[in-house]
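Read through the structure below, which is laid out as structure tokens, and then see the notes.
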2 protein chains.
Amino acid sequence: MLYQKTKSSTTNYDCSACILGHICVASDLNNTELNKINNLKHEKIQIKKKEKLLISHQQTIYGVRYGSLKIQIEKPTIFNKIVEFCLPGELIGLNNLHNEKHEFSVIALENSELCIINIQHLDHISQDRPYLQKQFREIMSKEITKSHYMLSILSLTSSKKRVIAFLLNMSSKYEKLGYSSNNFILKMSRKEIGNFLGITLETVSRILNQLMKEKMILIKNRNVILKNKEQLKNQLLNQ
Amino acid sequence: MLYQKTKSSTTNYDCSACILGHICVASDLNNTELNKINNLKHEKIQIKKKEKLLISHQQTIYGVRYGSLKIQIEKPTIFNKIVEFCLPGELIGLNNLHNEKHEFSVIALENSELCIINIQHLDHISQDRPYLQKQFREIMSKEITKSHYMLSILSLTSSKKRVIAFLLNMSSKYEKLGYSSNNFILKMSRKEIGNFLGITLETVSRILNQLMKEKMILIKNRNVILKNKEQLKNQLLNQ
DNA sequence: CGAGCATTTGACCCCGATCAAGTGCCGTGG
DNA sequence: CCACGGCACTTGATCGGGGTCAAATGCTCG
């Protein structure tokens, strides 16, 4: 189940042709600029559902082309804590651009494809393009903000609020991708949601069904419909 | 109590003369390089104990020169969640280098001094110094790693583990500064620790006293002595 | 179609939140 | 310098949310 990079099928492709260009590293670039960085050719990698990619080397980040994945910390002290779920357009490995020991892994929740971005290569082409550096810094900064937001969610005492925050978070992720923000399919299990939120899978299940009884959502298996997003948001405000 | 930047006393000073040079943005630079960036003059700011600095503009980061501070998210939905305690040599504002709305504040736990680093200025001088960009990226990446570590702590179900992780975390911070890692003074209240860890102040108090009874620590008011760090670390591993 | 995982649901119980009361500590002002 | 007010901290009692264990049912994929 462990996926070695060397075993994987990789292909060169052109950044300017990437369907994710507008939300990826190359975002905010106009066509002229996009053509300029055509020389940023890089590989892509396919990961099948449930396969695991152990991240060890520090010179690479990954952009999700399609699919969905979970990022989990690999530590003896901490039982495989999931810190993030990633959808297309998101970057993986921003937490790994330094020398301190820090192991984590990427596991595909469905068949997925990542593009492999060599950070030195990115450095090279951004040397005379300061806006690229700025843009990359902004992406990293947003990542920190996201983590802080998650920290605040995990401090919300009630499990109900955690689950609601999770649903709204997934909703906004799908919205960003241009999909319906009220009607989506969860790619992860109740157990994985629980891991992510710091609660048990039974509690996740109970709360989802409670929210359904309260007519705020509809949930059948992993199909979610948010019936009343405003009411959900209000729940986060209460006391 | 709200501290306006315009009201504050600021002074220009020279980066190469900063006592924090070796752990600040200029870290890993040799003396020759340090001289090169002498033109990175910038201001410093003094914040008195309990004073608050609201961060709004996105072009600035702050380096702690001395003192200690807490960083908290300002959101209507979340009651002033503390996401970090900062000691000298740490950077503040890395989560704010993007355009998305994101308010947070810095509150001094004791009289402190920050140096104000204009990010555009930093950009300017690092344009022909790629290693500076790389270094800054590494610092940001570490910040993400730290947040992920905190996320995993907040998922540790037991409050006891949270408190132990907090103590070990503070210990390593003081160690990095060259102070004793087994004997330090907490600058924050039980309430603030509880906020940070997502538990109540009463629970913090009870657990600290429990750890004392178990002879792993000594604590009197805010003076902490770690008597058996190995045992503390083992507590995190158990089941 | 069947094995094994995912999910639901119930019962029980414990950890930690909440409320409350008392003590300690610190800074300010008389 | 002392007295006082208010915050910080401790400690106790109670209670409920959510963890744990268990069993049944539902899905999914080989």
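In what follows, every chain begins at residue 1, and chains take the letters A, B, ... in the order their sequences are listed. What you see is a predicted model; the values in this text were computed from it and never measured.
Protein atom CD1 of A:Ile193 is 12 Å distant from nucleotide atom P of C:dA6, rounded to whole Å. If you measure from atom NZ of A:Lys191 to atom C1' of C:dG4, you get 13 Å, rounded to the nearest angstrom. Counting to the nearest Å, the C1' atom of D:dG19 and the NZ atom of B:Lys160 are 18 Å from each other. Counting to the nearest Å, the P atom of D:dG17 and the NZ atom of A:Lys161 are 13 Å from each other. The nearest whole Å value for the distance from the CG atom in B:Leu208 to the C1' atom in D:dA8 is 13 Å. A straight line from CG of A:Leu186 to P of D:dT28 spans 13 Å, rounded to a whole angstrom. In this structure, CD of A:Gln210 is placed 13 Å from P of C:dT8, rounded to the nearest angstrom. Straight-line distance from the NZ atom of B:Lys187 to the P atom of D:dA8: 16 Å, rounded to whole Å.
Mapping A:Thr157 and A:Val204 onto DNA chain C by nearest heavy atom places A:Val204 closer to the 5' end of the strand.
Residue B:Lys213 has no polar side-chain atom (N or O) positioned under 4.0 Å from OP1 or OP2 of D:dT11. Look at B:Thr200 and you'll find a side-chain N or O under 4.0 angstrom from OP1 or OP2 of C:dA17. Between B:Ser159 and C:dC15 there is no side-chain N or O to OP1 or OP2 distance below 4.0 Å. Checking the phosphate oxygens (OP1, OP2) of D:dC29, a side-chain nitrogen or oxygen of A:Lys49 falls inside 4.0 Å. The phosphate of D:dT10 (OP1 or OP2) has a side-chain N or O of B:Ser205 nearer than 4.0 angstrom.
Side-chain proximity of B:Thr203 to the nucleotides C:dG16, D:dG18, D:dT11 is greatest for C:dG16. When each of C:dC25, D:dA8, C:dT18 is scored by its nearest atom to the side-chain atoms of B:Asn221, the top-ranked nucleotide is C:dC25. Closest to the side chain of B:Ser158, out of C:dG16, D:dT20, C:dC25, is C:dG16. Here the side chain of B:Arg190 is nearest to one of C:dC25, D:dG19, D:dT10, namely D:dT10. Candidate nucleotides C:dA20, D:dG19, C:dC25 were compared by shortest atom distance to the side chain of B:Glu202, and C:dA20 ranks first. Which of C:dT8, D:dC27, D:dG19 sits closest to the side chain of A:Ile199 comes down to D:dG19.
Partner B:Glu110 forms a salt bridge (charged side-chain N to carboxylate O under 4.0 Å, His left out) with one of B:Lys187, B:Lys49, B:Arg222 and no other, that one being B:Lys187. The one candidate from B:Leu69, B:Leu109, B:Leu177 that meets the side chain to side chain contact (heavy atoms under 4.5 Å, CB included) condition with B:Leu87 is B:Leu177.
If you check every strand for non-hydrogen atoms under 4.0 Å, B:Arg222 touches sugar and phosphate atoms only. Within 4.0 Å of A:Leu201, counting heavy atoms only, lies at least one base atom of the nucleic acid.
With respect to B:Glu214 and B:Lys160, a salt bridge is recorded, a charged nitrogen being found less than 4.0 Å from a carboxylate O.
No hydrogens or angles considered: nothing links the side chains of A:Gln235 and A:Gln231 as a donor-acceptor pair under 3.5 Å. B:Thr203 and B:Thr200 share a donor-acceptor pair across their side chains, judged by distance under 3.5 Å alone.
Side-chain atoms of A:Arg206 and base atoms of D:dT20 include a donor and an acceptor less than 3.5 Å apart.
Between A:Tyr174 and A:Tyr179, the two ring planes are tilted [angle within 30° to 60°].
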